[in-house]
K.L.:
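Once you've had a glance at the structure underneath, I'll fire off some questions.
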2 protein chains.
Amino acid sequence: MGVKERRAREKEQLRQQILSAARELFVNEGYENVSMRKIANKIEYSPTTIYLYFADKADLLDSVCKETLLNLLNTLEHLKSDISDPVETLGKSGRAYIEFGLNYPQDYKLTFVIRPQYQKGLGLDEGSVGEKVFDYLREMVSECIQQGIFHQTDVETTSQVMWSAVHGVTLLLIDFPDFPWTEKDKLIDTVIHTTIKGLKA
Amino acid sequence: MGVKERRAREKEQLRQQILSAARELFVNEGYENVSMRKIANKIEYSPTTIYLYFADKADLLDSVCKETLLNLLNTLEHLKSDISDPVETLGKSGRAYIEFGLNYPQDYKLTFVIRPQYQKGLGLDEGSVGEKVFDYLREMVSECIQQGIFHQTDVETTSQVMWSAVHGVTLLLIDFPDFPWTEKDKLIDTVIHTTIKGLKA
DNA sequence: GTGTTATACTTAACAGTGTTAAGTTAAATG
DNA sequence: CATTTAACTTAACACTGTTAAGTATAACAC
């Protein structure tokens, strides 16, 4: 009875093929400039085949973004090691978040800007990968509060402030590359340190 | 010789008509979901007429965004009155900026997110309205630094940090309306106060 | 091994898109 | 009144996302 399993494996393989073709095109040419036909051409299948694996173009985007969030989460999890200095860890996490966005600017925009436009149901639902990323942030912040380093006792608000700061600078740097920014690393560091300092007791 | 002037006036009138029809549709239905034909229908002209007034759809978006930036600038200029307490003014300006974004979320996104995607030449060029908005921010910050309230002496970096914070929270609130945000006003205030506190000497 | 069913995929089509080239109408000029 | 010029429209091109119907092939039951 290995037939069904082999078939399922083959199906999954093609699904992944579609997904990675889509990601590559989305990233290189922009979501709006990628047609289902282009994706189909790339994988050498007819356009309609894609619809056997994904509901529509937005669903394809959705799946690509889910992967991106998993990558982001993975990147962040690697930093969680030392709880001794939670502020340092929070700062490093913030930097890692921003750098993730700058290393994969198109993926970041797809996930945090383009997708919300097409998927009103956001994708930060309970149990989602997006929620896990924010949970990670909550944990970091919670540690800082528990150790009495932060003056605010509200984990939620504090986390959201932190997210605002890193999200803001990431998007600005991506969207306005020609703006006369301060030296990039300096700006990033200042954003993080300013926010953390502002949160301290 | 008033003929030419009347003609010019009529042309300008139609240009404005197209522009406001475009804005209304962009805002209500989203840039991607608005076709040139829809705009044309609304103003009861043929689709190609639009091309006599605007180079293409992106140019139309560009013009709409310029108006938005003018509105934003105007909103901010009204707060510049009292220089006695520059930190207070900066805080109020930050709040006004965020509230502008939340009051006209679609306009804000068009200007600061959608447009950069289509117009690689950004629109914060020298002499542009966008630059004037940032100049306003620079002035506020500069005042705070000159009075020795802020510890950083770098106006640029400090302004950019401020911009990151307000831009970040604005976009997050717009893009993820279903996220379990802290009470909105509290979040906004905390973002502003945290950033300002972090910048203080 | 043959007939049947289910699976995977494709072809053709619909209604729509941004944009251009060519054509038309009406107004202003000489 | 004739001619030029400006404003606008019609028709078309090559493309879009998506659906319905059709086709081949592989797996199954007997």
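Chain A is the first sequence line, chain B the second, and so forth, proteins listed ahead of strands; every chain is numbered from 1. Heavy atoms only: backbone and side chains are in, while hydrogens, waters and symmetry mates are out.
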K.L.:
Residues two or more places apart in sequence or in another chain: which of them pass side chain to side chain contact (heavy atoms under 4.5 Å, CB included) with B:E183?
P.N.:
B:D185, B:K186

K.L.:
Return the set of residues passing side chain to side chain contact (heavy atoms under 4.5 Å, CB included) with A:L70 (not counting sequence neighbours), or none when no residue passes.
P.N.:
A:V129

K.L.:
Using whole Å, report how far CG of B:D59 lies from P of C:dG18.
P.N.:
15 Å

K.L.:
Just the rounded figure in Å: distance from C1' of C:dT25 to OH of B:Y45.
P.N.:
14 Å

K.L.:
In this structure, how many angstroms lie between the P atom of D:dA26 and the NZ atom of A:K11, rounded?
P.N.:
17 Å

K.L.:
Can you tell me the distance, in whole Å, between the CD atom of A:E29 and the C1' atom of D:dT16?
P.N.:
15 Å

K.L.:
Determine which pairs satisfy salt bridge (Lys or Arg N to Asp or Glu O under 4.0 Å) with at least one residue from residues 190-201 of chain B, sequence neighbours left out, and list them in order.
P.N.:
none

K.L.:
Using the test ring-ring contact (aromatic ring centres under 6.0 Å, His included), find all partners of A:F100 that sit at least two apart in sequence or belong to another chain.
P.N.:
A:Y104

K.L.:
What residues from residues 48-58 of chain A pass a heavy-atom cutoff of under 4.0 Å to DNA chain D?
P.N.:
A:T48, A:Y51, A:D56, A:K57

K.L.:
Whole Å only: how far is the CG atom of B:N41 from the P atom of C:dG16?
P.N.:
11 Å

K.L.:
Mind running a 4.0 Å heavy-atom check of residues 33-40 of chain A against DNA chain D and sending the residues that fall below it, in number order?
P.N.:
A:V34, A:S35, A:M36, A:R37

K.L.:
Tell me every residue that passes side chain to side chain contact (heavy atoms under 4.5 Å, CB included) with B:S63, counting only those two or more places apart in sequence or in another chain.
P.N.:
B:R15, B:L19, B:F54, B:D59

K.L.:
Taking CZ from B:R15 and C1' from D:dA7, how many angstroms apart are they, rounded to a whole number?
P.N.:
17 Å

K.L.:
Scan side-chain atoms only and decide if A:T182 and B:E156 contain a donor-acceptor pair under the 3.5 Å cut-off.
P.N.:
no

K.L.:
Between P on D:dC8 and CD on B:E44, what's the gap in Å once rounded to a whole number?
P.N.:
14 Å

K.L.:
How would you list all residue pairs meeting ring-ring contact (aromatic ring centres under 6.0 Å, His included) that involve residues 10-34 of chain A, not counting sequence neighbours?
P.N.:
A:F26-A:Y31, A:Y31-A:Y118

K.L.:
Tell me, please, which residues at least two apart from B:V191 pass side chain to side chain contact (heavy atoms under 4.5 Å, CB included).
P.N.:
A:V161, A:S164, B:A165, B:V169, B:L187, B:T195

